[in-house]
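Everything below concerns the one structure shown next.
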2 protein chains.
Amino acid sequence: MNDACIRVDKTLIEQMKQNLPDEQTINRISAIFQALQSDTRLKILFLLSKKEMCVCELDCALDVTQSAISHSLRTLRQLDLVRVKKQGRFAIYYLADEHVKILIDLCNKHVTECSA
Amino acid sequence: MNDACIRVDKTLIEQMKQNLPDEQTINRISAIFQALQSDTRLKILFLLSKKEMCVCELDCALDVTQSAISHSLRTLRQLDLVRVKKQGRFAIYYLADEHVKILIDLCNKHVTECSA
DNA sequence: TTAATATATGAACAAATGTTCATATATTCA
DNA sequence: TGAATATATGAACATTTGTTCATATATTAA
C-alpha cells in the first residue's frame with residue numbers, strides 16, 4: 001500500500017474503500033462474470049435467450065460434447081442464471097430472468113460499437 | 001452432436017446456430033466478462049466509477065501490490081474498459097464509457113435481488 | 001423385464017490465470 | 001547531474017478452469 005503519493009487523500013480513499021461492495025457481493029458478482037466468460041456458456045445463454053431448450057437441442061447446436069454442456073449448465077444453474085424444468089426424460093433449460101439477457105446484449109453492443 | 005432426440009428440429013437448430021454471434025464477437029465478449037471476473041479488477045472499476053484515480057490512489061485503496069494493480073490495469077486497458085491520461089509522472093485512469101458502469105450495476109442488482 | 005434414450009457426474013489433464021518478486025523505465029525535484 | 005517517486009513489465013509459480021473420457025442415474029418404450 002502506497003500512502004506517500006501527493007495525490008492521495010487518505011481520508012477520501014479510506015471512505016471510498018468503505019463504500020466498495022462487501023467481499024461477499026464482490027465474490028458473487030465476479031462469479032457471475034466468471035460464468036459468462038466461457039465461449040460455450042455464452043453460446044448457451046444466447047441460444048436460451050431465443051427459446052428454452054433441452055440438453056439434446058443444445059448438444060445439437062454446439063460443437064462440444066454432451067458432458068461439457070451438462071457441466072456448463074450446472075455452473076449456470078448454480079449461479080441462478082438458468083433454471084431447469086423436467087419434462088419426462090427431458091431437462092428443459094431456460095433463462096432465470098431478464099438480467100442475463102440484458103447483460104449479454106449490453107456487452108454485445110459495447111463490442112460492436114468499439115470495433116465499428 | 002446428438003441429432004437423434006425427438007425434440008430436435010434440425011432445421012430450426014441449424015438456423016439458430018447460424019444466428020449466434022460470430023466467433024470473433026463471442027471471443028471479445030467473453031474476454032470482457034473474463035476481465036470482470038477478477039475481484040481486483042472489479043474493485044478497480046467500482047472505484048473508477050466514482051472518480052478517476054492514479055495508480056497510487058488505487059494502490060492505497062486496494063490490498064494487493066502495485067505490480068498486481070498495473071497488470072490489472074493493462075488488462076482493462078487492452079479491452080478498452082478503462083483509459084489513461086498522463087499528467088506529469090502520474091497515470092490517471094478513468095472508465096472508458098458508461099457501458100462498464102451499467103454492466104457492474106446490473107450485476108450488482110442481480111446479486112442483491114437474489115440474496116434478498 | 002430389458003434396451004434405448006436423456007442427462008449428470010467424477011477423475012484427470014492440459015491450458016490459462018493472478019499474484020508476487022525483481023527490475024526496468026520515465027518523470028520530477030534538489 | 002543524481003536521488004526520489006510513479007508506473008510498467010517479465011519471469012515464475014501455484015491455483016483455477018474447461019474439456020474429454022468413462023460411467024452412473026433416470027425415464028420411457030418394447
Side-chain angles (χ1 to χ4, degrees), chain A residues 1-9 13 26-27 30-45 48 52-79 82-94, chain B residues 1-9 13 26-27 30-45 48 52-79 82-94:
Chain A
M1 194 223 285
N2 179 352
D3 49 5
C5 168
I6 55 163
R7 277 182 50 93
V8 171
D9 175 343
I13 297 293
I26 289 276
N27 286 340
S30 63
I32 290 179
F33 285 130
Q34 196 272 318
L36 297 175
Q37 156 251 6
S38 134
D39 284 18
T40 298
R41 287 190 297 263
L42 263 185
K43 286 180 189 172
I44 289 177
L45 292 174
L48 294 184
E52 58 181 34
M53 295 172 91
C54 69
V55 183
C56 279
E57 291 175 289
L58 293 169
D59 192 1
C60 188
L62 301 171
D63 297 322
V64 290
T65 64
Q66 175 266 315
S67 177
I69 293 173
S70 269
H71 283 299
S72 289
L73 286 169
R74 176 159 63 158
T75 302
L76 295 172
R77 230 167 42 219
Q78 284 170 340
L79 292 164
V82 305
R83 297 197 181 131
V84 217
K85 58 186 173 193
K86 279 290 220 156
Q87 250 173 42
R89 54 178 145 176
F90 298 100
I92 317 280
Y93 281 84
Y94 56 99
Chain B
M1 192 222 288
N2 178 353
D3 49 3
C5 168
I6 55 162
R7 277 183 51 93
V8 171
D9 175 342
I13 296 293
I26 289 277
N27 286 338
S30 63
I32 290 179
F33 285 128
Q34 196 273 318
L36 298 175
Q37 157 250 5
S38 132
D39 285 16
T40 298
R41 287 191 296 264
L42 263 185
K43 287 180 189 172
I44 289 176
L45 292 175
L48 295 183
E52 57 181 34
M53 296 173 92
C54 69
V55 183
C56 279
E57 291 175 290
L58 293 170
D59 193 1
C60 188
L62 300 171
D63 298 321
V64 289
T65 64
Q66 174 267 315
S67 177
I69 294 173
S70 269
H71 282 299
S72 288
L73 287 169
R74 176 160 62 157
T75 303
L76 294 171
R77 231 168 41 221
Q78 285 170 341
L79 293 165
V82 306
R83 296 195 182 133
V84 217
K85 57 187 173 193
K86 279 289 220 155
Q87 251 173 42
R89 55 180 145 174
F90 298 99
I92 319 279
Y93 281 84
Y94 56 99

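Proteins get letters first, then strands, A, B, ... in listed order; numbering begins at 1 in each. Just so it is clear, the values below take in all heavy atoms, side chains as well, and ignore hydrogens, waters and symmetry mates.
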Tell me whether the side-chain N/O atoms of [X] come closer than 4.0 Å to OP1 or OP2 in [N].
X: B:Thr40; N: C:dT19; value: yes
X: B:Gln34; N: D:dT16; value: no
X: A:Gln87; N: D:dT27; value: no
X: A:Arg77; N: C:dT9; value: yes
X: A:Ser67; N: D:dT20; value: no
X: B:Tyr93; N: D:dA6; value: no
X: A:Arg7; N: D:dT5; value: no
X: A:Arg41; N: D:dG18; value: yes

Worksheet entry | B:Phe33 vs A:Leu42, side chain to side chain contact (heavy atoms under 4.5 Å, CB included): CA-CA, chis, key distance, verdict | CA-CA 10 Å; B:Phe33 285 128; A:Leu42 263 185; 4.0 Å; yes
Tell me the interatomic distance from [X], atom [atom1], to [N], atom [atom2], rounded to whole angstroms.
X: B:Ile92; N: C:dT27; atom1: CD1; atom2: C1'; result: 13 Å
X: B:Asp59; N: C:dT20; atom1: CG; atom2: P; result: 11 Å
X: A:Asn27; N: C:dG18; atom1: CG; atom2: P; result: 15 Å
X: B:Ile69; N: C:dG18; atom1: CD1; atom2: C1'; result: 13 Å
X: B:Gln37; N: C:dG18; atom1: CD; atom2: C1'; result: 9 Å
X: B:Leu76; N: D:dA8; atom1: CG; atom2: C1'; result: 15 Å
X: A:Phe90; N: C:dT5; atom1: CZ; atom2: P; result: 11 Å
X: A:Arg89; N: D:dA30; atom1: CZ; atom2: C1'; result: 12 Å

Item to complete: Report the C-alpha separation of A:Leu48 and A:Leu76 in whole Å, then their side-chain angles, then the decisive distance to 0.1 Å, and conclude whether the side chain to side chain contact (heavy atoms under 4.5 Å, CB included) test is met.
Response: CA-CA 12 Å; A:Leu48 294 184; A:Leu76 295 172; 5.9 Å; no
Worksheet item: Do A:Gln66 and C:dA8 have a side chain to base donor-acceptor pair shorter than 3.5 Å?
Response: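 Pair found.
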Item to complete: Test for a donor-acceptor pair under 3.5 Å between the base of D:dT17 and the side chain of A:Ser38, counting only N and O atoms.
Response: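 A donor-acceptor contact between them is absent.
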Heavy atoms from C-beta onward define the side chain here; which of [options] lies closest to that of [X]?
X: A:Arg74; options: C:dT20, C:dA6, C:dG10; value: C:dG10
X: B:Thr65; options: D:dA6, C:dA8, C:dT20; value: C:dT20
X: B:His71; options: D:dA11, C:dT7, D:dA8; value: D:dA11

Worksheet entry | Distance-minimising heavy-atom pair for A:Ala35 and A:Arg41 |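 Reported closest heavy-atom pair: O-NE, 2.7 Å.
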Worksheet item: Taking all atoms of both residues into account, what is the closest heavy-atom pair of B:Arg77 and B:Tyr93, and its distance?
Response: NH1-OH, 2.8 Å
Discussion item. Check whether B:Gln78 reaches the backbone of B:Thr75 with its side chain - one donor and one acceptor, N or O, closer than 3.5 Å.
Written reply: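 Checking the backbone N and O of B:Thr75 against the side chain of B:Gln78, no donor-acceptor pair under 3.5 Å is found.
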Worksheet item: Quick one: does B:Leu79's side chain get under 4.5 Å of B:Gln34's, heavy atoms only?
Response: no
Practice prompt. Report which part of the nucleic acid B:Ala91 touches: base, sugar-phosphate, or nothing (heavy-atom distance under 4.0 Å, all strands).
Written response: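 Sugar-phosphate contact only - B:Ala91 comes under 4.0 Å of backbone atoms but never of a base.
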